[in-house]
Structure formats: structure tokens, C-alpha cells
K.L.:
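Submitted below is the structure of interest, expressed as C-alpha cells.
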Amino acid sequence: MIRGRWVRLADGRGGITATVMTSANAEDWTWLIDYLELNVNLSSVQQSFPADEHMKRAVTECRGLRLLKQEPWECLASFILSSTKQIVQIQQIVALLCERFGQPVRSPRAETWFSFPSIDRIAALSEAELRCCKMGFRAPYLKGTAEMILRGEVNLESVRTMDLATARAELMRFPGVGRKIADCVLLFAYGFQQAFPVDVWVLKAIKQLYFPRRRPNGKKILRFTESYFGPNAGYAQQYIFHYMRTRIGRVERRGNEKN
DNA sequence: AACCAGGGAGCGT
DNA sequence: ACGCTCCATGGT
């Protein structure tokens, strides 16, 4: 589901094949091109990365990896639900939320899918109803955030025009949103290329790859990420994250290593 | 049976 | 500014 539409994307020879539901003859594809960031020149982004061995390996291993330009509300809400949860469980919570409170949408094969629930819908739900989606203590965070937006305390559209630091501070006014989740929304929804979310995986990678045999505190790590990875630091973060999770992370798990 | 998970809030110092 | 604990739930 992308922006309320059903889409099937398939990896094909020489490109992506997209199947959509449409009534128009001349389909306008800008919404999908925008979502997939197909206007971004990936090789020039990769060339802006620092040329150290780790980044080169990450780029080689994760060839073709791209960021998506997600919708701010869906992205914000999803990441509020992400704290101290495994990715598969976050997916489960979001799926439950959509099935119960989203809008049903038909696929070409007459399957029923569900859009991500609107801000009003979430704000109108009771905390108990939200907890039924297994989000636990994150329920009041999500509801509180939806209510703040509804009251006009924070305007998600106005964030687009702000500079990075101001936009980050604005998002961090929401309950359950700290530096990491704010940076995720700034990068994945608003396209702030300099935003660099530091989660446990990236933290482990930075320490292991760039500060071996040292013990830098969180602040030092943040300052390093802000200066080292260049104008497309957010893309670099995604390469490191994916490289760490799909390559290095699994090796360590097999290798009986403590967290 | 403990321990952990794409963190953050609310304490204490 | 830092460090610590708790938070709810499912999986290992």
C-alpha cells in the first residue's frame, strides 16, 4: 500500500515492473517515482560516501539499495511503534493496526488490503483499542502524537520548510519521539539527506568499524556521523545498517558472540 | 527461565 | 550533561 493505493512491485529483467489499480487511460506515475526516489542518481550518491574500506564493502554488498520517500504520518507513527521491538514484530503491530483501523482497498485479484489508519482515526481510538494491536506502552505515545497533530500543535507539512535542526526539534516534541526516531522520519519521509539515525545496529557498526579498541560516548559518535559521511549521510546510514544486519550481524550470531 | 528487541521518559547524581 | 531503570509483548 503506497499513499492509499494498492501496488505490486516485481523485480524484472532490467527494471521494476509495477502493477496498479487505475481507471484512467494515461496513468500518472509521479507518485510512484517519488516514493521510490527514482530521480535520485544512486551512483553519484554512492560516490559521495567516504572512500574507506567499510563503506566500499557496504556499497558492494548492498548494490542498488535505495531509500523510500514515505508519508510523514505513516512513517512517524510506525517508528513510534518501533522502540525496543524487533523488526518482524513492528511489522506485525503495523499490520494489525491497518487491518483493524485502516481503509479496505481491493487488489486486482479481489484481495482486500488495508491502508494505514488516518490521524483522526488513531486520535479517536481508546488506549485499550490501540493496545489490542500489541503495541504495549507505546499506545499513549501514538495517541498523544495523533492528538497533538489534530489540535494543530505541530504541523507535519510545515516541517518540510524547516532546516534540519529546527525540524528535528519540532518532531521531538511528540511523546515517544527522541533523537533517533526523529532522524528516521526526517530521512525516510521528509528527505533530509543529512539525517543519520543511530540505532543499536548502526551504533555497533560505528564502534566496531571506526572506533576499534576505544570507548566513545554517544555524543562523540553523533559528532562523528554528522561530519564524516558527507552530504548523503542518510543514504550511507542505510547502507551501513543493511550491511550490518544482513552480513556482519548474522555471522556474529552464528559465532556465539555476546551482544 | 532469563534475556533481548531499529528507544524514550523520568528519575537520580 | 550523564547514567540508570522501567516500560509491554513476543520470541529465543
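Throughout, protein chains are lettered first and strands after them, A, B, ... in sequence-line order, and every chain is numbered starting at 1.
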K.L.:
Using atom C1' in both nucleotides, what's the gap between C/dG11 and B/dG8 to the nearest angstrom?
P.N.:
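Roughly 22 Å separates the two C1' atoms.
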K.L.:
To the nearest 0.5 Å, tell me how far A/Cys62 SG sits from A/Tyr243 OH.
P.N.:
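Output value for this atom pair is 8.0 Å.
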K.L.:
Using heavy atoms to find the nearest nucleotide of DNA chain B for A/Phe188 and A/Met172 separately, return the residue whose nucleotide is more 5′.
P.N.:
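Closer to the 5' end of DNA chain B: A/Phe188.
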K.L.:
How many whole angstroms separate atom CD1 of A/Ile90 from atom C1' of C/dG11?
P.N.:
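Those two atoms, CD1 and C1', are 14 Å apart.
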K.L.:
Nearest whole angstrom, please: distance from the P of C/dA8 to the CG of A/Leu96.
P.N.:
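Rounded to the whole Å, the gap is 18 Å.
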K.L.:
What's the closest nucleotide to the A/Thr84 side chain, out of C/dG10, C/dA8, B/dG6?
P.N.:
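Per side-chain heavy atoms of A/Thr84, the pick is C/dA8.
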K.L.:
Between C/dG10 and B/dA9, how far apart are the two C1' atoms, rounded to whole Å?
P.N.:
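About 23 Å, rounded to a whole number of Å.
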K.L.:
In whole Å, I'd like the distance from the CG atom of A/Asn217 to the P atom of C/dC2.
P.N.:
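So the two atoms are 6 Å apart, to the nearest Å.
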K.L.:
For the P atoms, the ones on B/dG6 and on C/dC4, what distance do you get once it is rounded to whole angstrom?
P.N.:
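After rounding to an integer number of Å, I get 22 Å for this pair.
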K.L.:
Go through B/dG7, B/dA5, B/dA9 for me and flag the one nearest to the A/Tyr141 side chain.
P.N.:
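For A/Tyr141, the side-chain atoms sit closest to B/dA9.
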K.L.:
What distance do A/Leu81 atom CG and A/Leu97 atom CG have between them, rounded to the nearest 0.5 Å?
P.N.:
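Answer for the CG-CG pair, A/Leu81 versus A/Leu97, is 6.5 Å.
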K.L.:
Please state how far atom CD in A/Gln91 lies from atom P in C/dG10, giving the value in whole angstrom units.
P.N.:
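Distance check: A/Gln91 CD to C/dG10 P gives 16 Å.
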K.L.:
Select base, sugar-phosphate, or nothing to describe what A/Arg138 touches, counting heavy atoms under 4.0 Å on all strands.
P.N.:
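Result for A/Arg138 = base.
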K.L.:
Counting heavy atoms from C-beta on, name the nucleotide in B/dA9, B/dG6, C/dA8 closest to the side chain of A/Asp199.
P.N.:
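My answer, after comparing the listed nucleotides, is B/dG6.
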K.L.:
More than 12 heavy atoms of other residues, nucleotides or ligands under 6.0 Å from CG of A/Asp163: is that the case?
P.N.:
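Correct, the count exceeds 12.
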K.L.:
By the 4.0 Å heavy-atom rule, please label A/Ile87 as base, sugar-phosphate, or nothing.
P.N.:
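Result for A/Ile87 = base.
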K.L.:
Just the rounded figure in Å: distance from P of B/dG7 to NZ of A/Lys204.
P.N.:
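Rounded to the whole Å, the gap is 12 Å.
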K.L.:
With respect to the side chain of A/Lys85, which nucleotide from B/dA5, C/dT9, C/dC2 is positioned closest?
P.N.:
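The closest nucleotide is C/dT9.
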K.L.:
With a 4.0 Å cut-off on heavy atoms, is A/Phe241 in touch with a base, just the backbone sugar-phosphate, or nothing at all?
P.N.:
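Base contact.
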K.L.:
Please verify the inter-ring angle class for A/Trp29 with A/Trp31; under 30° counts as parallel, over 60° as perpendicular, anything in between as tilted.
P.N.:
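The rings of A/Trp29 and A/Trp31 lie parallel, inter-plane angle below 30°.
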K.L.:
Hey, is the side chain of A/Lys134 poking within less than 4.0 Å of OP1 or OP2 on C/dA8, counting only N and O atoms?
P.N.:
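No, no such contact exists.
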K.L.:
Closest nucleotide of DNA chain C for A/Phe137 versus for A/Lys219: which of these residues is on the 5' side?
P.N.:
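So the residue in question is A/Lys219.
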K.L.:
Both A/Ser83 and A/Gln89 contact DNA chain C. Which one's nearest nucleotide lies toward the 5' end?
P.N.:
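With A/Ser83 and A/Gln89 compared, the 5'-side residue is A/Ser83.
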K.L.:
Mind calculating the distance between CE (A/Met244) and P (B/dA5) to the nearest angstrom?
P.N.:
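So the CE-P distance, A/Met244 to B/dA5, works out to 12 Å.
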K.L.:
Please state how far atom NE2 in A/His242 lies from atom P in B/dG6, giving the value in whole angstrom units.
P.N.:
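From A/His242 NE2 to B/dG6 P: 14 Å.
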K.L.:
Any chance CH2 of A/Trp113 has more than 12 other-residue heavy atoms, nucleotides or ligands included, within less than 6.0 Å?
P.N.:
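No, the 6.0 Å shell around CH2 holds no more than 12 heavy atoms from other groups.
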K.L.:
With DNA chain B as reference, determine whether A/Ser82 or A/Val177 sits nearer its 5' end, using the nearest nucleotide of each.
P.N.:
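Result of the comparison: A/Ser82.
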K.L.:
Round to a whole Å and report the spacing from CD1 of A/Ile93 to P of C/dG11.
P.N.:
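Taking CD1 of A/Ile93 and P of C/dG11, I get 11 Å after rounding.
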K.L.:
Once rounded to the nearest 0.5 Å, what's the spacing between atom CG of A/Leu9 and atom OG1 of A/Thr17?
P.N.:
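The OG1 atom of A/Thr17 is 9.0 Å from CG of A/Leu9, to the nearest 0.5 Å.
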K.L.:
Does the side-chain ring of A/Trp201 lie flat on the base of B/dG6, meaning centres under 5.5 Å and planes less than 30 degrees apart?
P.N.:
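According to the criterion (under 5.5 Å, under 30°), no, A/Trp201 does not stack.
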